[in-house]
There are 4 protein chains.
Amino acid sequence: MSKTPDLKPRKSPTQARAAETVRIILEAAARILEARGLAGFNTNAVAERAGVSVGSLYQYFPGKDALTAALIQRDGEVLREEMAAAARLPMARAALSGMIAAAVGHQLRRPILARLLDIEESRLPLGEQQDEKTKELQDLLDQVLARVDLPAGLSADTAGADLFAIVRGMVDHAGSRGEVDATDLQHRVERAVFGYLGLA
Amino acid sequence: MSKTPDLKPRKSPTQARAAETVRIILEAAARILEARGLAGFNTNAVAERAGVSVGSLYQYFPGKDALTAALIQRDGEVLREEMAAAARLPMARAALSGMIAAAVGHQLRRPILARLLDIEESRLPLGEQQDEKTKELQDLLDQVLARVDLPAGLSADTAGADLFAIVRGMVDHAGSRGEVDATDLQHRVERAVFGYLGLA
Amino acid sequence: MSKTPDLKPRKSPTQARAAETVRIILEAAARILEARGLAGFNTNAVAERAGVSVGSLYQYFPGKDALTAALIQRDGEVLREEMAAAARLPMARAALSGMIAAAVGHQLRRPILARLLDIEESRLPLGEQQDEKTKELQDLLDQVLARVDLPAGLSADTAGADLFAIVRGMVDHAGSRGEVDATDLQHRVERAVFGYLGLA
Amino acid sequence: MSKTPDLKPRKSPTQARAAETVRIILEAAARILEARGLAGFNTNAVAERAGVSVGSLYQYFPGKDALTAALIQRDGEVLREEMAAAARLPMARAALSGMIAAAVGHQLRRPILARLLDIEESRLPLGEQQDEKTKELQDLLDQVLARVDLPAGLSADTAGADLFAIVRGMVDHAGSRGEVDATDLQHRVERAVFGYLGLA
DNA sequence: AATGAATGAGTGTTCATTCAT
DNA sequence: AATGAATGAACACTCATTCAT
């Protein structure tokens, strides 16, 4: 077995300058990923693009994987907020539509980045912290699903996982096909989701 | 820009022994991928596992990416055959079910391998050859879809791509969740597919 | 805690060329140590001095520490043989003299190298293999000490350890003072050893 | 060739607070050395342990080696005083015993630190200052040796160097073996020293 | 054809040292 | 004077690929 890498940020930047440096590094990492893919994603390139030294990068992240993990975390932040907002809508159908819209919007905003982070997320041992985040999303979905009539034989858990997979699969694929029309994609994903749930 | 790598096998194995060697190398590559992931997938490890020298490996494949490409190709062979057989079924609904069964069966047979090859496939410039294979599948799907009443506003092309994405997303996710019950998964994918098509 | 490094050679060279490469690398490592000290002892420098690539070095040694360990092992080989030969002398006093001569000769042959390897030996977790080697020496010494009248209150173990320390301390220091006269040094070490044992 | 580093403390701490800071830094350095060895001995770790910033550390020491040198200097201070006191004893034999006791006590107080500083001392170009300190010790030893009948063929210089080496070798080794009984070690070192001098 | 030793560019990471605040 | 963020040269180690045997 290989040793599990440290994925927690190394130091919380106390000074304003340091926080800004972290932000710059993360954005540089995102751009490198988008421009050169996983193969071209290395710490020296990120540091150079960020206009800082490698040393600075390692002041804030204990290793490459921790940088990736932070990027995944940052990337999911907005998504989770939009999802939570959508889940609060009173009508279940509207809530689901809103959650789909959040996923679609998130993916189409930076499709390449989203796809690569998905891949990396499945590779990294993100630990409790990320599990919590995922669980949070899962819970939101479960709450909404509890308000619809699920078809016989489907548990909320399984249905949640499937919907997750359907939405991610469709938006990833749309992203890789170069789609940019969010409205159209939204409709199709709704077809699949509501069809799956028998709410068509 | 980096030069696009040569992905065609270096020599057509005219002799039976050579074909056998190629087979052994490919299976070794598959097992390394499954056991060690993309990070542990390197030519020296594959050659050692295959019981041949690196030199021999490079006799049959011009580079690492060509090896990966051949693996993707091999991996899709059976899937395409089963898909084609299913597409020949007279009833459109049965044909779709059969195609889903092929996809589900393929993924659950070697879930880790299937997932990693999906990732690599999206990274490699597979060229005409693979495009043809994908187009073949797309055509099969189009033919079947031509025999159902597509909902308004959906082209066969788009619907095909979406179904592809739905199925792949669901089976990938099921694979990574450790599901092994093909029948159950089959039902759920059918829900999504027929739901999407309005055939529920 | 830091992970204990792998200190065993990576592969036993099967071909003659490979064995020669290993020999060349070890001698280059020795010369780098002598010329630049521990601070200048790095794998790139060793490889360059050896006239091979770093890659070759890592074919045979899993890491820098393994290289050092192999050097320690090689360095002790001749010493152990000479010690064993001396221990076989029938007269205990002659045996001790012979063992001192072996230690003195060993140290004066390559004084800087011997000193630095002593330092590294104390730092590395050499494991059973080396413990055996040291135990072998200790056993030789014990056997010889069993044939002399030890002063009251001295166990063979303690006496052995002390003699070891006396000899090593004196020859190390002589080496670092630049002494080259083995005969003179031999006499003085004998003074200390026989004096310690009350055999003056 | 590399330039010889500046080993003198950067500023004479005129203020009491500065002197205290220096003391704290030195003790932190000692503890880091003991706890993490030479490999873990770095200026950032020392500063953190000392509770000061690296910047402050560099206010008082022009570089890492200067810090080490100061530590060596501090470490020898007490030893030299005790040695000088012992050398003033009227009976030569008692003086030697006292000097041995000083060395043994010094080593057993902080065995790991003593050993590592010995190693570093042999690596650093300590310059006149330290030479003087060593010479001071050597002189003390010479004065005492002048009061005993040296065996034929031994100069006071050589004898002094040998005794130094014997004592250091024995106490270093005892330290690394984990010995803690100062009285026992004292007896054995005396055996060696007086035996060497023919005063048994 | 096969072998496997050899290559070396590339990458992750550390740490002594500097300097803006 | 003090801080600690930033620097970047240096180094351990990997692995795709080549080539002498």
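Below, all heavy atoms of this structure are taken into account, side chains as well, without hydrogens, waters or symmetry copies. Treat the numbers as computed from the prediction; the structure is a model and nothing was measured. Labels below follow one simple rule: chain letters A, B, ... track the order of the sequence lines, proteins then strands, and each chain is numbered from 1.
If you take CZ of D/Phe61 and P of F/dA1, they are 14 Å apart, rounded to a whole angstrom. Atom CG in A/Asp6 sits about 15 Å away from atom C1' in E/dG12, given to the nearest Å. Summarising the geometry, the separation between CZ on D/Phe41 and C1' on E/dA16 is reported as 12 Å, rounded to the nearest angstrom. Atom-to-atom, CZ of D/Arg36 to C1' of E/dT14 comes out at 14 Å; the value is rounded to the nearest Å. Rounded to whole angstrom, the span from the CD atom of C/Glu48 across to the C1' atom of F/dA10 amounts to 14 Å. When rounded to the nearest whole Å, the span between CD of A/Glu20 and P of E/dT21 equals 14 Å. As rounded to whole Å, 13 Å separates atom C1' of F/dT14 from atom CG of C/Leu57. When the C1' atom of E/dT11 is taken as reference, atom CG of A/Leu38 falls 15 Å away, rounded to whole Å.
For C/Val54, the side-chain atoms get nearest to F/dC13 when compared with the rest of F/dC13, E/dT7, F/dC15. When the nucleotides F/dT18, E/dT11, E/dA5 are ranked by their closest atom to the side chain of A/Asn42, E/dT11 comes out on top. Distance from the side chain of C/Gln59 is smallest for E/dA6 among the nucleotides E/dA16, E/dT13, E/dA6. Of the candidates E/dA5, E/dG12, F/dA2, E/dA5 carries the atom nearest the C/Tyr60 side chain, counting heavy atoms from C-beta on. The listed nucleotides are E/dA16, E/dA6, F/dT17; the one nearest the side chain of D/Lys64 is E/dA16. Listed candidates were E/dA2, E/dA6, F/dG8. Nearest to the side chain of B/Ser56 is E/dA2. Distance from the side chain of C/Tyr58 is smallest to F/dA12 among F/dA12, E/dC15, E/dA2. Between F/dT7, F/dT3, F/dC13, one nucleotide has an atom nearer to the side chain of D/Val52 than all others, and that is F/dT3.
For the pair C/Gly51 and B/Arg17, both in contact range of DNA chain E, the more 5′-proximal nearest nucleotide belongs to B/Arg17. If C/Gly55 and A/Gly55 are placed on DNA chain F by their nearest nucleotide, the residue sitting closer to the 5' end is A/Gly55. Between D/Asn44 and C/Gly63, the residue whose closest nucleotide on DNA chain F is further toward the 5' end is D/Asn44.
Side-chain contact annotation: D/Thr68 with D/Arg123, donor-acceptor N/O pair under 3.5 Å absent.
Here E/dT7 sits opposite F/dA16 as a Watson-Crick or G-U wobble pair (both hydrogen-bonding atom distances under 3.5 Å). In this structure, E/dT21 and F/dA2 make a Watson-Crick or G-U wobble pair, each of the two defining distances being under 3.5 angstrom.
Scanning both residues, B/Phe41 and B/Ile32, for their nearest heavy atoms gives CA-CG2, 3.9 Å.
Put simply, A/Thr43 has no side-chain N or O that comes within less than 4.0 Å of OP1 or OP2 on E/dT11. The shortest distance between the side-chain N/O atoms of A/Ser53 and the OP1/OP2 oxygens of F/dT7 is below 4.0 Å. The phosphate of E/dA5 (OP1 or OP2) has no side-chain N or O of C/Thr21 nearer than 4.0 angstrom.
A salt bridge does not link A/Glu120 with A/Lys64: every distance from a Lys NZ or Arg NE/NH1/NH2 to an Asp or Glu carboxylate oxygen is 4.0 Å or more. Between A/Arg74 and A/Glu77 there is no salt bridge, since no side-chain N of the basic residue sits under 4.0 Å from a carboxylate O of the acidic one. Salt-bridge check for A/Arg31 with A/Glu27: passed, with a basic side-chain N closer than 4.0 Å to an acidic carboxylate O.
Contact check for B/Ile119 versus A/Leu38: no side-chain heavy atoms found under the 4.5 Å cut-off.
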